[in-house]
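Presented below is the structure to which this report refers.
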Amino acid sequence: MRPLSDPALGSAPGWPLVLYFHHVNPLVRHYTSLDPDDFRRGLETVLQRVGPALEPADVVPGFRPPDEPSVLFTFDDGYRDTLTLAAPVLAEFDVRVLLFCSTERLDRATATPAHERAALRPRESYLDWTEARRLTAEGHVLSAHTRTHPKLTELDPASAEHEVRAALRDVAEQTGRPVHTFAYPYGLIPEVNPVPSTVLGFGTVKSAPAPWTARPLRIRRTYLPVDKVDRWPTMAADWREQWYGSRWSYPPGTGQRTCADVSTASPSAPNGYRSA
């Protein structure tokens, strides 16, 4: 049985592969963080072996997937190295991303003097709002990841709803654009979902593959395992194969997929790597 936590498990047949990252930085050890050279290698591998990158501005409720395998690239939290290290590599491939930001952290970065920000470690260094808008000017799409990055499953429903809606409002006010997407911190989705139906909700490898139309608030994302670079070409080819549905079937009348080699085992970060 293949567990949900296996990153080789991609998206539902006919739907885009969605990848998530936290850092592009050689100083960070994290299961979704790559150094710039590996990030470049990863982009090249996925774009060549899976399909072209989606424009994040097209990812809105009612989204209709392309008639070919494709990839949506996403970043979580709003770290500063998304601008300084990831963005130049993305530009080499003409790729834009969805950038899910914890907005209180961007507020704090905006209020912190430059010399203090320069001394921060990468895991403590976030974009300020001016830097975030620089990314949007390049075609990247800023979106919401709560205000303070809590585990929404540990909050009461009112507090969870405030975290979500305040972050959506922050991003809309700072960018002057409507916000159509949201990502759950840690991939944890409360039983009473605080995300409004007017946005698409993105999980992690804790979420099962399903058509976005069937589960628009539980869209699966997966990642390139940092310690298995040699497996990336095989994984990418497998992700493409999954798009065609060769291993999948849909029970009549349900709109839901089944997969013989998928289980719902609880996912966790790879050994030695931090989760987020």
Which residues pass the salt bridge (charged side-chain N to carboxylate O under 4.0 Å, His left out) test with Asp107, sequence neighbours left out? Arg147

When you compare the side chain of Pro36 with that of Pro26, does any pair of heavy atoms fall below 4.5 Å? yes

Is the backbone of Ile189 close enough, under 3.5 Å, to the side chain of Lys206 for a donor and an acceptor to pair up by distance? no

Rounded to the nearest 0.5 Å, what separation is found between the CG atom of Asp227 and the CG atom of Asp38? 11.0 Å

Do Asp81 and Tyr79 have side-chain N/O donor and acceptor atoms under 3.5 Å apart? no

Could you list the residues that satisfy salt bridge (charged side-chain N to carboxylate O under 4.0 Å, His left out) with Glu154, not counting sequence neighbours? none

One should read off an interatomic distance between Leu90 CG and Phe21 CZ, to the nearest 0.5 angstrom, of 8.5 Å

Please enumerate all residues that pass side-chain hydrogen bond (donor to acceptor under 3.5 Å, both in side chains) together with Glu191, with sequence neighbours excluded. none

Could you work out, with salt bridge (charged side-chain N to carboxylate O under 4.0 Å, His left out) as the rule, every residue matching Glu131, not counting sequence neighbours? Arg80, Arg117

Assign the ring pair His30 / His22 to parallel, tilted or perpendicular, where the plane angle (0 to 90°) is split at 30° and 60°. tilted

Just by distance, do the side chain of Trp15 and the backbone of Trp243 share a donor-acceptor pair under 3.5 Å? no

For Leu155, enumerate each residue passing the side chain to side chain contact (heavy atoms under 4.5 Å, CB included) test, keeping only those at least two apart in sequence or located in another chain. Pro150, Leu152, Ser159, Ala160, Glu163

Residues which pass side-chain hydrogen bond (donor to acceptor under 3.5 Å, both in side chains) with Arg108, listed by chain and number, not counting sequence neighbours: Glu104

Please examine the side chains of Pro69 and Tyr244, heavy atoms only from C-beta on, and report whether any two atoms are closer than 4.5 Å. yes

Partner set under side-chain hydrogen bond (donor to acceptor under 3.5 Å, both in side chains) for Thr84, not counting sequence neighbours: none

One should read off an interatomic distance between Ser33 OG and Phe39 CZ, to the nearest 0.5 angstrom, of 11.0 Å

Without swapping roles, check the side chain of Thr181 against the backbone of Ser143 for a donor-acceptor pair under 3.5 Å. no

Going from CG on Asp238 to CG on Leu17, what distance comes out if it is rounded to the nearest 0.5 angstrom? 10.5 Å

Side chain to side chain contact (heavy atoms under 4.5 Å, CB included) partners of Leu217, counting only residues at least two apart: Tyr184, Asn193, Val195

ring-ring contact (aromatic ring centres under 6.0 Å, His included): pairs with one or both residues in residues 46-69, sequence neighbours excluded: Phe63-Trp212

Any donor-acceptor pair under 3.5 Å from Trp129 side chain to Val171 backbone: no

Just to verify, which of Leu83, Leu142, Val141 counts as forming a side-chain contact (heavy atoms from CB on, under 4.5 Å) with Leu135? Leu83

Between Glu124 and Ala119 (side chain of the first, backbone of the second, donor and acceptor by atom type, cut-off under 3.5 Å), is there such a pair? no

Which pairs, with at least one residue in residues 44-66 and sequence neighbours excluded, count as a side chain to side chain donor-acceptor pair (under 3.5 Å)? Glu55-Arg96

A side-chain contact here means heavy atoms from C-beta on lying under 4.5 Å apart; do Val24 and Phe75 qualify? yes

Between Pro66 and Leu54, is any pair of side-chain heavy atoms under 4.5 Å apart? yes

Tell me, do Pro3 and Leu9 make a side-chain contact under 4.5 Å, heavy atoms counted? no

For Leu98, does its backbone N or O pair with a side-chain atom of Thr74 as donor and acceptor, under 3.5 Å? no

Identify, with sequence neighbours excluded, every residue that meets side chain to side chain contact (heavy atoms under 4.5 Å, CB included) alongside Ala183. Asp76, Phe100, His145, Phe202, Arg221

For Asp67, salt bridge (charged side-chain N to carboxylate O under 4.0 Å, His left out) partners two or more places apart: none

When you measure from the side chain of Arg220 to the backbone of Gly10, do you find a donor-acceptor pair of N or O atoms at a distance under 3.5 Å? yes

Side chain Ser125, main chain Pro122, donor-acceptor under 3.5 Å: no

